[in-house]
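Shown next, in structure tokens, is the structure this report addresses.
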Amino acid sequence: MSATAYPNYSPGLEGVIGGITTISEIDSDRSSLVYRGIDVHDLAEKGSFEETAYLLLYGKLPNAAELENFKEILANEREVPAEIYTVLKQLPKQTHPMDALRTAYSALAGFDPDYTTVSTDHDANVRKAVRIVAKAGTLVANGHRIRQGQEPIAPRKDLSIAGSFLYIMNGGTEADEFTTKVMDASLTLYAEHGYNASTFACRVTVATLSDLYSGVVTGIGTLKGPLHGGANEEAMYMLQEIATPENAEAWIRDALANKKKIMGFGHREYKKGDSRAMYLTQVAKEIGRRMGNTKWGDIADTLERVMLEEKNLYPNVDFPAAYAYFLLGIPIDLYTPIFVIARTTGWAAHAIEQLDNNRLIRPKCIYEGPHNVPFIPIVER
Ligand SMILES: CC(C)(COP(=O)(O)OP(=O)(O)OC[C@H]1O[C@@H](n2cnc3c(N)ncnc32)[C@H](O)[C@@H]1OP(=O)(O)O)[C@@H](O)C(=O)NCCC(=O)NCCS
């Protein structure tokens, strides 16, 4: 039977309200996104990822003293237990960094000093959240070193989350101010986005009164797919396949004629454009100009024009993020893990919100299978 035969059923839960939140709001008509009432562009441009993380976790922007204190706590929590690196060293070299990261967070749970506290303890959850957020950049960058057969590097306490991540990625050299700012802004843009698939999955997990680490592990597993966070990697592989601005128009028209999904385009919530993409496109093009490499931006322009003409679809945040990160020299299979560095804040904020006022999330489903089937003994089957 077709889905439309059921008046209360919406495939993919499209349009279904899954809960109430005070963390972020997507305005599809205005293509805007606010975190706790503050426009994400303002946070990305004038603020820092640390301020954004504080805002998401504590519900307000920090004052100067609160921010300093928060940064110090984050810095002190940035190092990862050596045992976790030992676990990562056991993984086959082909392991995708998202799988390595999911494994690392799973293994980290038992190291948390609040491991045995009940999941509804708000303060313990905030402490866990800060530890989870603090370690993400170190895990991604040192996970990358480990799979290349290199030893982990100690994170830098005096740098921001973005700065320390880039420092390890660069093999112990600080990134320049512009690169650090771009990374920092992209983390803010990626930090939170309402009831997206991974956040919803995270809330479902903690709503059983499981714990924050389990929620984050669920989130990572859900983010990995190309219909969600994995799209930024797929978008870059596509841009590489197109290779030159001259190829772009023919490539995209052929892809659409063959009913291909174009990664980095379309969005369940934004039908008139993704505000994060608009902002990040400017940033990505600025990186290209500074590097004297406008090729990716030129290919992107053509894809955007044809996608709008032919499908009325706009790019989402993953599209400009793909070539921005590429221009910064980040390996492609680390794009979704970078998304994790950012989204640990949103997941944690949602997990805490869920556990502060919990109700088990358990929707119904419609059974379309057979009825009254007799049990046939195995010897007669
Ligand atoms: C994000 C996404 C899953 C949203 O999906 P959705 O709300 O379920 O929308 P649908 O998949 O039902 O798409 C509606 C129509 O637009 C088309 N469409 C949507 N995104 C498309 C894309 N990226 N490329 C080509 N066609 C697309 C669908 O084929 C469908 O067309 P149809 O009605 O002729 O079948 C979808 O746009 C997509 O798969 N995008 C590519 C992956 C991506 O970039 N994900 C990151 C999201 S931040």
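For ligands, and for the atoms within them, numbers begin at 1 and follow the listed sequence. Predicted model, so just to flag it, every value in this text is computed and none were measured. Along the sequence shown, residues carry numbers from 1.
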Taking the six-membered ring for Trp, are F200 and Y195 parallel (under 30°), tilted (30 to 60°) or perpendicular (over 60°)? tilted
Pick from K259, H193, K261: the one approaching atom 28 (C) of ligand 1 most closely through a non-hydrogen atom: K261
Would you call the rings of Y213 and Y105 parallel, tilted or perpendicular, taking 30° and 60° as the class edges? tilted
Looking at E234 and K261, is any side-chain nitrogen of the basic one under 4.0 Å from a carboxylate oxygen of the acidic one? no
Quick one: does ligand 1 sit under 4.0 Å from the side chain of D318, the backbone, both or neither, non-hydrogen atoms only? side chain
One finds that the ligand 1 atoms under 4.0 Å from a non-hydrogen atom of A231 are 43 (C), 44 (O), 45 (N), 46 (C)
Is atom 20 (N) of ligand 1 close to the protein, meaning a heavy atom under 4.0 Å from it? yes
closest protein heavy atom to atom 48 (S) of ligand 1 is H267 CD2, 3.4 Å
Quiz question for you: does at least one protein heavy atom lie closer than 4.0 Å to atom 38 (C) of ligand 1? yes
Is there a heavy atom in G264 that sits closer than 4.0 Å to ligand 1? yes
A student checking ligand 1 against K260 at a 4.0 Å heavy-atom cut-off should list atoms 25 (C)
Under 4.0 Å from atom 30 (C) of ligand 1, can you find at least one protein heavy atom? no
With respect to R268, determine whether any N or O atom, backbone or side chain, lies less than 3.5 Å from an N or O atom of ligand 1. yes
Separation of L223 CG from T218 OG1 (nearest 0.5 Å): 12.0 Å
For K311, the ligand 1 atoms with a heavy-atom partner under 4.0 Å come out as 26 (N)
Please report the shortest heavy-atom distance between D184 and S48, naming the atom on each side. OD1-CA, 3.4 Å
Closest heavy-atom contact between I330 and Y335? O-CE2, 3.3 Å
Is ligand 1 under 4.0 Å from a heavy atom in the side chain of M307, in the backbone, in both, or in neither? side chain
State whether F375 and R381 meet the cation-pi test: NZ (Lys) or CZ (Arg) under 6.0 Å from the six-membered ring centroid, and within 45° of the perpendicular axis. yes
Give me the one residue out of I161, L139, T138 that meets side chain to side chain contact (heavy atoms under 4.5 Å, CB included) with P155. T138
Angle class for the Y270/H267 ring planes (parallel below 30°, perpendicular above 60°, tilted otherwise)? tilted
Which of the atoms in ligand 1, numbered in the order shown and given with their element, are less than 4.0 Å from a heavy-atom of M263? 41 (C), 42 (C), 44 (O)
Please find the pair of heavy atoms, one from Y190 and one from A342, that lie closest to each other, and give the distance. CB-CB, 3.5 Å
Is there a polar contact, in the sense of an N or O pair closer than 3.5 Å, between N316 and ligand 1? yes
Indicate whether atom 2 (C) of ligand 1 is within a distance of less than 4.0 angstrom of some protein heavy atom. no
Check: L159 main-chain N/O paired with S164 side-chain donor or acceptor under 3.5 Å: no
For E269, is the nearest heavy atom under 4.0 Å from an atom of ligand 1? no
Under 3.5 Å, N or O to N or O, is L227 touching ligand 1 that way? yes
Of the non-hydrogen atoms in Q354 and R359, which two are nearest, and what is the gap between them? NE2-O, 3.3 Å
Please could you name the atoms of ligand 1 that L313 approaches to less than 4.0 Å, counting only its heavy atoms? 18 (N), 19 (C), 20 (N), 21 (C), 22 (C), 26 (N), 27 (C)
Residues E77, K135; criterion salt bridge (Lys or Arg N to Asp or Glu O under 4.0 Å); working and verdict: CA-CA 7 Å; E77 294 289 355; K135 289 176 174 52; 3.4 Å; yes
Could you tell me the residue and atom name of the protein heavy atom closest to atom 9 (O) of ligand 1, and the distance to it rounded to 0.1 Å? K271 NZ, 4.4 Å
Does K128 pair with D211 as a salt bridge, N-O distance under 4.0 Å? no
Determine, using heavy atoms of E234 and all atoms of ligand 1, whether some pair is separated by less than 4.0 Å. no
What protein heavy atom sits nearest atom 40 (N) of ligand 1, and how far off is it? F265 O, 2.8 Å
Hey, is atom 13 (O) of ligand 1 under 4.0 Å from any protein heavy atom? no
Please indicate, with yes or no, if any protein heavy atom is found under 4.0 Å from atom 45 (N) of ligand 1? yes
Ligand 1-proximal atoms of I262, by part, heavy-atom distance under 4.0 Å: both
Which atoms of ligand 1 sit under 4.0 Å from any heavy atom of P226? 42 (C), 43 (C), 45 (N)
For F165, check ring-ring contact (aromatic ring centres under 6.0 Å, His included) against everything at least two apart and list the hits. none
